[in-house]
Structure formats: C-alpha cells, structure tokens
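Single-structure report; data block below.
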Amino acid sequence: MRQRLPRSIWTTFPVESLLRPCRPIAMRSSRFFLSTLKEAPSDAEIVSHQLMLRAGMIKRLAGGIYTWMPVGLRVVRKVEKIVREEMDRAGAIELSMPAVQPAELWQESGRWEKYGPELLRCKDRHQRDFVIGPTHEEVITDVVRREVKSYRQLPLHFYQVQVKFRDEIRPRFGIMRGREFVMKDGYSFHCSFEDLQREYRNMFDTYTRIFTRLGLKFRAVAADTGSIGGTGSHEFHVLADSGEDALAYCPDSSFAANVELAEALAPPGIRSAASAILQKVATPGRTRCEDVAALLDVPLTQTVKAIAIVVDRPLTGSGEFVLILLRGDHNLNEIKAQKVVGEFRFARDEEIVTALGCQPGYIGPVGVGSLRVVADRSVAAMSDFVCGANEADFHLTGVNFGRDVEEPAVVADLRNVVAGDPSPDGKGRLELCRGIEVGHIFQLRTKYAEALKCSFLDESGRSRTMEMGCYGIGVTRIVGAAIEQGHDERGIIFPAAIAPFEVCIVPMGYAKSEAVRDAADALYCELTRAGIDVLLDDRNERPGVMFAEMELIGVPHRVVVGERGLAQGKLEYRGRVDTEPQMLPVAALGRFLKERLCSG
RNA sequence: CGGGGAAUAGCUCAGCCUGGUAGAGCACUGCGUUCGGGACGCAGGGGCCGGAGGUUCGAAUCCUCUUUCCCCGACCA
C-alpha cells in the first residue's frame, strides 16, 4: 500500500506559529551584521561621513551613491516612521509615484529644458526619452488633473517617501549631498490661495513636530524659492557648524532667514558731508581691502571693493560690464545681485583689463565713464572712503560720491548680512549660525497647475486653476545631520528616537558564565516583550571591543551584565552621554529603561 | 565645467626623488595565552601597484594618454 501524501501543505504547517507576535526589533549581535572600522577612509571629509563609514552604516557604490547597510537602514526607517506618522496625523495621504518618468511631462512643464544637467535623462529600448525623477511635481499634477474635477474633492495633500536622483555637480559629504537619496515629498492642491496658506501653516507646524520628535536642534527660516518657484517658502535647518547654509536670526524676535534672503537694511541717518580731499596713494601688492586698510591704517569699514561682473545679453550676443560696489567688510550676495541686474557672471581678468585698463585688485568706480555702477546700500551712505584707483599698485583715499565720482546708477541691497546688522523687522540685531537644510516648504501657487492645465470646477461651475503647495524632507540627509549634531570622540550620539537600537546589553563573558548568560537572556526577553528595540551583544567579544562598537554606532542606553554586579543582584546601566555608570537592582532595570525611553 | 591633489592588500599608509624579486599597522584564517575599554604571541591567506601605451635588458618607480576619487567655486532635500 502506498503511503498517503498529506492533502495540502497547510495540514502540516503549524499555522498557530503565524499567530504568535513577530518581534523583528529584537536582535542578537551574533545574528546581526556589524562591520565597524577603526580608521575612517581617507576620502571622508566631514565627521558624519567618517562616522557613518566607520559605523558600517553606509558603503559607497559610486560617487554620491551608497548602499544602506543594516545599521544605517534601521536609522533611516526610524526617521521615515516618524515622518509618516506626523504626515498622516496632519491629514496628508501617502501614495508612491514612479522613479522613472516620461520626458513628455517634463517637456509640458518646461523643466525638460530648464532643469539642466542635474536631471538624469535616459532612453528606453524604443529610444523614448525618460528621466529619473529628481522631484515629482509633474507626476502628481498629472495624477490630480486626471482624477480631480470638482472643488468638492479639494483640498488634497498627497505625499510619498521615495528615492530621488539628482545628478549633482559635486556630490560630497557622503549621504548629505548624495545623488541618490530618500526624500519625503508632499504636494497639496487647493481651491484658493487662502486654503493653500492654511495648509502651509499646517505643514509648518507638522515639520516643527517632526524635527522635534526626531530630537534635533533645528530652526525654521524664511528662504529663497530657488528654481522650484512660487512665493512663500521656509527652510528647516538642523543647526551644525559644518552646515552649508548660513542663517541669520534675531534673538529678540521671531525673525529668521537664510542669509541668501535676509535683507540688509540701509544704514540709518544721512551720508556725512565730504571732509577729506581726494588723494592717490601707493599700495603696492595690496589687492585685498583687508591689506589696504591695514597699510593705510583705516578701518575696513572705510574701504570699498569693486566687483566686476558681466551681464550677458543673449539677444545681442554681447555682455554688459557692470561694477558692483560693496563695503570692504561685506560680501556679495549673488542671489540679491541677480535680482537687481539679472543673470550675470564674474568678469574674467582680461575683460577687466579691457574695460578699466587695470588689473583686478586695484579697480574702483572713479573715472569709469559710462560704465554702470551698482552700489550696495551701505556704500551709498559712505563718505571719505578708500577704493581702487584703476591703476596697478594704487588706491584712492577721501573719495566722495557727487564730488569725485558720480552717484551710483543703482543703490540696492546686494550684500550678505553680517552679525550685528539690524534685524529687518526692526526689533534687535542679527546673529548668524550655520545649518543643514533638511526640510523645505513652498507655496507653489499655480506655477505647475497652469503649465499642466490642472484645473477644477468651482461652486459656480467655472473652471479655475488649482493652487499648489509642496513640502520636502530629506530623510537620508537627516541621518547625516543628526550625526553632525550628535557625536563625540567615541562615535555617534543618536537621539533615542532614531538610534539603530534603543538599548544594548553587553554581557561580560556570555559564553563562560551561566549566570551572566541567564541574566542577559532574561533581560533581553523582558525588554523585547516590552517592545524595546534591544541589541544583545552575544558575540563573546572582548569587553573593550563591544563597548567601543556600541558607542560608535550610537546606542543611547547600555546595560552591562557581569558576574561582579550579579553577585550583588545588580546590573550596570550607562547612558551614552553619562560620565558615570550606575548600578541598579536586576528587577528594577526593565522599568527604569522603559521610563528612560518614554521620557526621550 | 574651471582650478588644486590623489590612486599600492578590505581600511590607514610607506616604497617612487636615485628603475633591479611588493612592505608595515589594522582587518581576516588557525593555534595558544588573555578577557570590565578596540589585547598579546606564533603560523597563515590576500595586491597584474586604477587602466592603456611608451622608454628600458628590466617599470609600482620615468614619459604620454585615459578612468576614477577627493578638495575649492556655480546647485539643492
């Protein structure tokens, strides 16, 4: 008689095992994958990049393109989780759009031409053009224009957490300015500008909640809208000295803005009358204002630097040579200047010689004839100043507008604000700090809706263009920014909310001592059951190795299980930033950790 | 894309100037000793010296080209 086969696999499959709760958050080092480095690869420049490589969070595959290794991915997932929870709470709806997008949409919005080489383009087998999405305004607007016809369906806010690709000119700082990165991008659609502004405030609050929950020190600042366009815009910056952005804020008021945007007010009062006579003085080899001021023993604020630019006129094919004047201690703000003179580039040395008959370093506004001179507000208020003489190795002193040189054709805000400048809201003085941009919210208005004809029928049956907002969070960048903000000589100090593990158990002699093994296993089970994200280091490594690695990857809470403590019924607890460990009764440790974790 | 630097073992680097059998530390494998702060000893494995051409009896080393990476400028989450 032939043996009977089971009717189906289900009859033998222990179905009840599926009903047991799955606890993927529990980890044993022996089954996990850690790969730490004592020395950082030499190409890592900033501390977060070095530590991410040393901690084995990321591995470089190509320039600006990284594999997220298990330790790193856990951090990314925790950031994503908080972002999703808060976006959902704020009423946004998650969807997921394709990374590969047809060129037609981008041609329709006009960005196929405008976006430039940062947009990665490719062709399919039929030679049709595609892009690897750097952002998703086109796709979401296409979705909404097909789906939404009535004011009754609005407002809507869709978001996704998705991989983006931007072919950055210069990827650097590891994951912070990668080419491939994870971003939360959300897009809202509204019947009216007022409703867009309501959602914009909603997102401002939501972002504030997100970055607070992430445990980061951050600041929201008014921002330039850049290439995405639109009107209102705020950036959220993680504060860090290594940040690429300079921020201006007023400690006495709510004013905060990216330095790109922060207005430098005109100096108060009227210009003093000329009191010095015009003199030409020899300043051999002194090409910088600092050197000239030192040589002549005048304050730097009494000097004027001239910056030669060329405003290209594509229609005529020629460029207009323009001189920009700034006070010696001020720096040009190119965004502001561009708003005043239009698209420009810095003049080449030979162009300067042709226009002024003088090498750069000694150029100035005196005797330049019909050349257009654009002065910063603070320059326009100066008298008896020092500037280049348009003759190599000479400067002029006692220069005055109206007497020695024509009043500038244009006076405008052209410079970066500096610490101590009056706040544009008139409520105090500005301070500067640096930040890493991790979030950006925009009121796009109708820019894309118009281009892509995304309209709806209002109450009166009239067709109207939708108002749009867009809201981005650099998920992977947040990981780098958090490390930039939290680290010491031993490694990463993650906020508990995004640490790869909340607690690590480090047993002393796990293989040898039964007492240690039992106590460590028991604690591991208890914490796991309590839903705590715990790593048990059961590798039986030397203690120094385990301590060093757990500190390097930034586990915020550590419990050491050793025979010494167990003999007294105690375990050792130490927070990542604590200076001293503390001994706690075995029975009390679970509750102690739960309370610690709840309080953040 | 412009300007600077670099490429030798998984990582950090020496060797190159002055051509002559490819090295160290960390990491890895085995054994032993260690075991509360990245241990020690012994024995191993691992490199077409980024690639291609050239000069030379002989090239990691000199020359040319090329690729890649890093740093400084214009972009952005």
Side-chain angles (χ1 to χ4, degrees), chain A residues 34-46 49-50 53-54 56 59-60 62-65 79 83 114-119 134-136 161-186 207 223-228 233 235-238 243-245 258 260 334-335 338 343-346 348 435-442 470-481 490-491 506-513 516 540-552 558 560-565 572 574 581:
Chain A
L34 294 171
S35 72
T36 61
L37 256 30
K38 276 194 210 174
E39 288 173 293
S42 57
D43 54 5
E45 183 70 7
I46 60 169
H49 188 195
Q50 292 169 350
L53 290 168
R54 282 192 55 207
K59 302 280 174 194
R60 197 188 81 97
I65 300 177
V79 175
V83 169
K114 275 198 197 133
Y115 214 98
E118 205 177 297
L119 181 63
T135 174
H136 283 69
V161 178
Q162 202 237 20
V163 171
K164 301 276 184 278
F165 194 94
R166 294 187 190 170
D167 204 355
E168 292 280 349
I169 305 161
R170 187 148 92 84
R172 64 184 138 167
F173 303 148
I175 221 67
M176 294 263 258
R177 181 171 295 285
R179 293 195 290 172
E180 189 179 292
F181 59 97
V182 175
M183 178 163 126
K184 186 287 294 178
D185 49 327
Y207 275 34
D224 188 67
T225 51
S227 66
I228 295 186
S233 168
E235 291 167 351
F236 287 77
H237 285 263
V238 166
E244 289 189 272
D245 286 275
N258 195 307
E260 289 175 348
E334 295 180 36
I335 290 172
Q338 194 174 324
E343 290 272 342
F344 72 92
R345 60 177 172 80
F346 293 104
R348 289 186 285 269
I436 300 162
E437 186 188 353
V438 290
H440 203 158
I441 59 178
F442 288 95
C470 87
Y471 319 91
I473 289 181
V475 171
T476 40
R477 182 180 280 183
I478 283 173
V479 178
R490 293 180 191 169
V506 182
M508 298 293 103
Y510 187 81
K512 261 196 190 155
S513 164
V516 166
N540 206 38
E541 274 285 358
R542 298 170 58 82
V545 173
M546 294 191 281
F547 294 154
E549 291 198 336
M550 294 303 114
E551 282 163 354
L552 176 59
R558 181 181 83 190
V560 176
V561 181
E563 283 193 316
R564 238 159 45 193
E572 178 194 301
R574 182 167 179 180

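Naming convention: chains lettered A, B, ... in sequence-line order (proteins, then strands); numbering from 1 in each chain. Only a predicted model underlies this, so the values are computations on that prediction, with no experimental measurement involved.
- At whole-Å resolution of the value, CZ in A:Arg179 and P in B:A77 are 18 Å apart.
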(Q) Run A:Glu437 and A:Asn258 through side chain to side chain contact (heavy atoms under 4.5 Å, CB included) and show every step you take. (A) CA-CA 10 Å; A:Glu437 186 188 353; A:Asn258 195 307; 5.9 Å; no
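- In a base pair of the Watson-Crick type (N1 to N3 plus N6-O4 or O6-N4) or a G-U wobble (N1-O2 and O6-N3), with each distance short of 3.5 Å, B:U34 is matched with no nucleotide.
- Atom P of nucleotide B:G10 and atom CZ of A:Arg60 are separated by 15 Å, given to the nearest angstrom.
- Residue-level contact check: A:Asp167 touches neither bases nor backbone, having no heavy atom under 4.0 Å from any strand.
- Taking atom CD1 of A:Ile169 as the reference point, atom P of B:C76 lies 9 Å away to the nearest angstrom.
- Judged by distance alone, with hydrogens and angles left aside, A:Arg177 brings a side-chain donor or acceptor within reach of the base of B:C75, the pair sitting under 3.5 Å.
- Checking B:C16 for Watson-Crick or G-U wobble geometry (two distances, each under 3.5 Å) identifies no partner in any strand.
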Close N/O contacts between protein and nucleotides 33-37 of chain B (under 3.5 Å):
from: B:U34; atom 1: O2; to: A:Arg542; atom 2: NH1; distance (Å): 2.6
from: B:G36; atom 1: N1; to: A:Glu572; atom 2: OE1; distance (Å): 3.0
from: B:G36; atom 1: N2; to: A:Glu572; atom 2: OE1; distance (Å): 2.1
from: B:G36; atom 1: N2; to: A:Glu572; atom 2: OE2; distance (Å): 2.9
from: B:G37; atom 1: O6; to: A:Arg558; atom 2: NH1; distance (Å): 3.1
from: B:G37; atom 1: O6; to: A:Arg558; atom 2: NH2; distance (Å): 2.8
from: B:G37; atom 1: O6; to: A:Arg574; atom 2: NH1; distance (Å): 3.3
from: B:G37; atom 1: N1; to: A:Glu551; atom 2: OE1; distance (Å): 3.3
from: B:G37; atom 1: N1; to: A:Glu551; atom 2: OE2; distance (Å): 2.9
from: B:G37; atom 1: N2; to: A:Glu551; atom 2: OE1; distance (Å): 2.2
from: B:G37; atom 1: N2; to: A:Glu551; atom 2: OE2; distance (Å): 3.4

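- A distance of about 9 Å separates the C1' atoms of B:C28 and B:G10, rounded to the whole Å.
- Remark: the separation of the P atoms in B:G44 and B:G25 is 14 Å, to the nearest Å.
- When distances run from any side-chain atom of A:Leu552 to the nucleotides B:C76, B:G38, B:A74, the shortest one goes to B:G38.
- Scanning for side chain to side chain contact (heavy atoms under 4.5 Å, CB included) contacts around A:Leu37 gives A:Pro41, A:Arg54, with sequence neighbours left out.
- For B:A60 and B:G47, the C1' atoms lie 11 Å apart once the distance is rounded to whole Å.
- Geometrically, A:Arg558 engages A:Phe547 in a cation-pi contact defined by less than 6.0 Å to the ring centre and at most 45° from the axis.
- B:C76 is unpaired under the criterion used here, namely a Watson-Crick or G-U wobble arrangement in which both key atom distances are under 3.5 Å.
- Using modelled atom types, no side-chain atom of A:Tyr471 and backbone atom of A:Gly439 make a donor-acceptor pair closer than 3.5 Å.
- Using Watson-Crick or G-U wobble geometry with both donor-acceptor distances under 3.5 Å, B:A52 finds its partner in B:U64.
- Pairing partner, B:C69: B:G5, with both Watson-Crick or wobble hydrogen-bond distances short of 3.5 Å.
- When distances run from any side-chain atom of A:Glu45 to the nucleotides B:U12, B:A74, B:C71, the shortest one goes to B:C71.
- Where A:Ile175 and A:Arg172 each meet RNA chain B at their nearest nucleotide, the meeting point lying more 5' is that of A:Arg172.
- To the nearest whole angstrom, the two P atoms, one in B:U56 and one in B:C63, are 16 Å apart.
- Using a 4.5 Å heavy-atom threshold, the side chains of A:Glu244 and A:Arg172 count as touching.
- Distance noted for atom P between B:G23 and B:G46: 13 Å (whole Å).
- Residue contacts shown for A:Thr36 include a base, since a base heavy atom lies under 4.0 Å away.
- With B:A77, B:C76, B:C72 as the candidates, the nucleotide lying closest to the side chain of A:Arg170 is B:C72.
- By the 4.5 Å heavy-atom criterion applied to side chains, A:Val561 and A:Tyr510 are not counted as neighbours.
- The separation between A:His440 atom NE2 and B:C75 atom C1' is 13 Å, rounded to whole Å.
- At the heavy-atom level, A:Gly439 lies under 4.0 Å from the strands shown only through sugar-phosphate atoms.
- Here A:Ala40 lies in heavy-atom contact (under 4.0 Å) with sugar-phosphate atoms only.
- Base pairing of B:G10: its partner is B:C26, meeting the Watson-Crick or G-U wobble criterion (both donor-acceptor distances under 3.5 Å).
- Residue contacts for A:Gly178: at a heavy-atom cut-off of 4.0 Å it reaches a base atom on one of the strands shown.
- Side chain of A:Arg166 to backbone of A:Arg179: no donor-acceptor contact under 3.5 angstrom is found.
- Atom-to-atom, CD of A:Glu260 to P of B:C76 comes out at 9 Å; the value is rounded to the nearest Å.
- When both distances must be under 3.5 Å, the Watson-Crick or G-U wobble mate of B:G46 does not exist.
- When the P atom is compared between B:C72 and B:U66, the two are found 25 Å apart, to the nearest whole Å.
- Rounded to whole Å, atom C1' of B:G73 lies 15 Å from atom CD1 of A:Ile335.
- The residues A:Glu572 and A:Arg564 are annotated as not salt-bridged, no charged nitrogen and carboxylate oxygen being separated by less than 4.0 angstrom.
- Looking at heavy-atom distances under 4.0 Å, A:Glu549 makes contact with a base.
- Here A:Lys38 reaches the OP1 or OP2 of B:A27: one of its side-chain N or O atoms lies under 4.0 Å away.
- The distance from atom CG of A:Leu119 to atom C1' of B:C76 is 14 Å, rounded to the nearest whole Å.
- Between B:C13, B:G73, B:A77, one nucleotide has an atom nearer to the side chain of A:Ser42 than all others, and that is B:C13.
- Between A:Glu437 and A:Gly63, the residue anchored nearer the 5' end of RNA chain B, judged by the nucleotide with its closest heavy atom, is A:Gly63.
- Ring geometry for A:Phe442 against A:His440 counts as parallel: the plane angle stays under 30°, on a 0 to 90° scale with 60° as the upper cut.
- Nucleotides B:G36 and B:G73 place their P atoms 49 Å apart, quoted to the nearest Å.
- Among the nucleotides B:C75, B:C69, B:C11, the one closest to any side-chain atom of A:Glu244 is B:C75.
- Summarising the local packing, NZ of A:Lys59 is surrounded by more than 12 heavy atoms from other residues, nucleotides or ligands at distances under 6.0 Å.
- Between A:Asp43 atom CG and B:U8 atom P the separation is 11 Å, expressed in whole Å.
- Across B:G38, B:G25, B:C75, the shortest atom-to-atom separation from the side chain of A:Arg54 is found for B:G38.
- Nucleotides B:A22 and B:A39 have their C1' atoms positioned 29 Å apart, rounded to a whole Å.
- Under the 3.5 Å distance criterion, the side-chain polar atoms of A:Glu180 are left unmatched by any main-chain donor or acceptor of A:Ile65.
- Within the shown strands, nothing qualifies as a pairing partner of B:U21 under the Watson-Crick or G-U definition with both distances less than 3.5 Å.
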